[in-house]
There are 2 protein chains.
Amino acid sequence: MTPKNNYCYDYPRPALTVDCVIFGYDASDLKILLIKRGIEPFKGHAALPGGFVREHETLDSAAKRELMEETNVSNVFIEQLYTFGNPGRDPRGRVISTAYFALVKREDYIVIAGDDAAKARWYSVGAIPPLAFDHAEIVEMALNRLKGKIRYQPVGFELLPEKFTLSDLQHIYEAILQKKLDKRNFRKKIDKTELVIRLNEKEKGVAHRAAYYYKFDKKKYENALKKGIYFEI
Amino acid sequence: MTPKNNYCYDYPRPALTVDCVIFGYDASDLKILLIKRGIEPFKGHAALPGGFVREHETLDSAAKRELMEETNVSNVFIEQLYTFGNPGRDPRGRVISTAYFALVKREDYIVIAGDDAAKARWYSVGAIPPLAFDHAEIVEMALNRLKGKIRYQPVGFELLPEKFTLSDLQHIYEAILQKKLDKRNFRKKIDKTELVIRLNEKEKGVAHRAAYYYKFDKKKYENALKKGIYFEI
DNA sequence: TATCTTTGTGTTATAATTACACTATCAAAC
DNA sequence: GTTTGATAGTGTAATTATAACACAAAGATA
């Protein structure tokens with residue numbers, strides 16, 4: 001794990017980290033997962049989960065590893081967001097951080113007994129505490145990216161369990177876009193995509209809810225992508 | 001210029017560079033600016049202009065500096081694209097590169113007599129030669145980003161001189177979106193944005209062209225942005 | 001002044017968007 | 001098991017956006 005680099009020029013060598021903005025949806029609310037820092041600087045502050053990129057690791061796999069360590073979920077939507085590298089963003093020296101954002105299904109999320117996860121907590125995006133480093137800026141950018149993305153990619157499903165109600169899906173759209181949507185028009189649009197199927201058997205609703213369940217047809221989506229179909233929801 | 005870093009952990013310290021995908025528009029063609037590498041590795045290959053991030057420099061200012069060195073233009077549209085950090089992308093050792101993409105007005109571009117610029121050349125996006133490192137991947141991503149962006153942000157104007165013909169603007173859209181557009185429908189859409197004004201006096205056309213000139217109303221655009229108006233063109 | 005190239009313009013059919021109110025179903029409390 | 005409260009589910013009409021289509025006017029050049 002010692003630094004090794006054959007590069008012939010003698011330029012600054014910053015430390016390289018990844019930080020993850022992990023979104024989840026729960027109780028009609030869009031949330032992000034934050035940890036409480038155990039060490040200085042910013043000891044006690046909330047911060048994005050993240051860590052150093054290892055020697056033989058791609059940025060993507062470093063981000064996936066951090067996500068896995070924190071949430072114990074794999075096979076989730078994860079995408080590079082932006083790279084933050086202002087000198088002075090970390091008081092200890094120059095640290096470049098490539099931020100990722102991930103969408104996880106809360107049902108898959110497992111609380112780990114270990115050090116890291118014990119400090120992790122979900123916060124509603126409307127009530128995020130002051131964050132360490134430049135993490136507030138990172139979160140803001142992630143929210144904007146998500147807002148832009150949901151217009152043309154059906155990312156809402158990544159936050160829901162396999163079976164869900166259309167109202168839940170609508171709530172996600174409302175939480176991300178920050179505006180109320182008309183129920184019938186929303187359903188019309190979802191119908192149009194043909195990506196959501198209503199389950200045949202009437203299943204029992206969730207607690208305190210009267211609801212049918214729906215399912216996202218991921219195969220249909222992937223086939224449509226191959227044909228180059230462009231989704232606007 | 002010696003590496004300096006007080007970071008308390010002992011992790012790999014990659015070298016950090018920026019690479020710029022510089023777009024220009026000329027002769028009804030979308031082009032990018034490439035340099036010819038003078039040193040190994042990939043000596044003689046075409047590559048994206050770029051270089052090391054300096055010690056007290058932000059990523060943005062490193063990208064702007066590289067752009068300035070290469071094209072001698074400032075005050076242009078430039079935006080971070082993506083960060084490439086696979087181990088092995090540079091045979092000399094671990095190099096992280098944050099890619100930027102820029103849109104320049106060809107009229108502002110000045111050929112510099114010095115080393116760097118003498119090796120620079122514009123290539124049509126349809127005829128890009130084999131590139132050094134993973135630069136082909138970077139260019140591809142920049143093209144896709146531009147394609148996505150032009151749908152909701154009037155970036156086409158960044159590639160045109162102050163006064164332009166609507167046909168030129170349409171050609172840019174066609175080059176970026178890679179499809180033919182209907183002239184009357186295109187003009188209807190442009191009219192709807194109210195961002196383009198036809199110049200009062202009929203000005204002489206460019207050589208071999210019969211044309212009126214139009215102008216992009218940047219102030220109107222910025223005011224609209226402040227009001228939160230969302231442009232789809 | 002003739003010729004060639006490019007500009008500029010309107011209508012109609014189809015599709016998408018918006019706005020809007022009531023009944024049916026389920027779950028829980030009594 | 002009946003009542004009550006909460007949520008799910010449904011259609012239509014007016015407006016707006018999109019797509020398809022052809023020819024005359026203006027400028028540049030020879």
Side-chain angles (χ1 to χ4, degrees), chain A residues 25-29 150-152 154 156 160-161 163-175 177-216 229-233, chain B residues 25-29 150-152 154 156 160-161 163-175 177-216 229-233:
Chain A
Y25 173 76
D26 181 37
S28 299
D29 226 356
I150 206 171
R151 293 170 48 88
Y152 60 88
L160 288 170
K163 298 171 186 176
F164 50 83
T165 68
L166 283 184
S167 296
D168 268 332
L169 185 63
Q170 184 176 344
H171 285 143
I172 287 182
Y173 275 78
E174 290 176 336
L177 296 173
Q178 307 232 57
K179 64 175 177 187
K180 279 266 159 213
L181 300 172
D182 179 88
K183 206 202 306 186
R184 276 169 293 190
N185 294 340
F186 179 76
R187 278 156 198 252
K188 231 180 286 173
K189 278 215 159 185
I190 297 297
D191 285 351
K192 213 186 47 187
T193 66
E194 294 181 5
L195 293 179
V196 173
I197 50 176
R198 181 166 170 168
L199 294 178
N200 262 338
E201 82 283 21
K202 250 190 229 175
E203 304 204 21
K204 292 288 171 209
V206 211
H208 301 188
R209 287 266 178 89
Y212 289 89
Y213 278 117
Y214 291 81
K215 217 172 158 175
F216 174 56
I229 291 173
Y230 195 81
F231 291 96
E232 291 207 50
I233 297 183
Chain B
Y25 173 76
D26 182 36
S28 298
D29 227 356
I150 207 170
R151 292 172 46 89
Y152 61 90
L160 288 170
K163 298 171 186 177
F164 49 84
T165 69
L166 284 184
S167 297
D168 268 332
L169 184 63
Q170 184 176 346
H171 285 142
I172 287 181
Y173 275 78
E174 290 176 336
L177 297 174
Q178 306 232 59
K179 65 176 178 186
K180 279 265 159 213
L181 300 173
D182 180 87
K183 205 201 309 186
R184 276 168 294 187
N185 295 339
F186 179 76
R187 278 156 198 252
K188 232 180 284 175
K189 280 215 159 185
I190 296 295
D191 284 350
K192 214 186 45 184
T193 65
E194 295 182 1
L195 293 179
V196 172
I197 52 177
R198 180 165 171 170
L199 293 177
N200 262 338
E201 82 282 22
K202 255 189 227 173
E203 303 204 21
K204 292 290 169 203
V206 209
H208 301 183
R209 286 266 180 86
Y212 289 88
Y213 277 117
Y214 290 80
K215 215 172 161 176
F216 173 54
I229 291 172
Y230 194 83
F231 290 96
E232 292 207 49
I233 297 183

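Chain A is the first sequence line, chain B the second, and so forth, proteins listed ahead of strands; every chain is numbered from 1. Note that the structure is a prediction, hence the values are computed from the model and not measured.
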Can you name the residues that form a side-chain hydrogen bond (donor to acceptor under 3.5 Å, both in side chains) with B:Glu232, not counting sequence neighbours?
A:Arg151
Measure from the side-chain heavy atoms of B:Tyr212 and tell me the nearest of D:dA26, D:dT12, D:dC21.
D:dA26
Could you identify which residues of residues 189-196 of chain A place a heavy atom less than 4.0 Å from some atom of DNA chain D, listed by residue number, or say none?
none
What is the separation between atom CG on A:Leu181 and atom C1' on C:dA16, rounded to the nearest whole Å?
16 Å
Is A:Tyr214 touching bases, backbone alone, or none of the nucleic acid, heavy atoms closer than 4.0 Å?
sugar-phosphate
Nucleotide N/O of nucleotides 22-24 of chain D paired with protein N/O under 3.5 Å:
from: D:dA22; atom 1: N1; to: B:Arg184; atom 2: NH1; distance (Å): 3.3

Restricting to ring-ring contact (aromatic ring centres under 6.0 Å, His included), what partner residues turn up for B:Phe231, sequence neighbours left out?
B:Tyr221
Among the candidates C:dT7, D:dA8, C:dT18, find the nucleotide nearest to the side-chain atoms of B:Arg187.
C:dT7
Please name all residues satisfying ring-ring contact (aromatic ring centres under 6.0 Å, His included) with B:Tyr173, sequence neighbours left out, ordered by chain then number.
B:Phe186
If an axis is fit to five pairs at each end of the helix from C:dT1-D:dA30 to C:dC30-D:dG1, what is the angle between the two, to the nearest 10°?
30°
A:Ile233 CD1 to C:dA16 C1': how many Å, rounded?
15 Å
If you only use heavy atoms from C-beta on, which nucleotide in C:dT6, D:dG27, D:dG9 is closest to the side chain of B:Ser167?
C:dT6
Counting just side-chain N and O atoms, does A:Arg198 come under 4.0 Å of either OP1 or OP2 of D:dT10?
yes
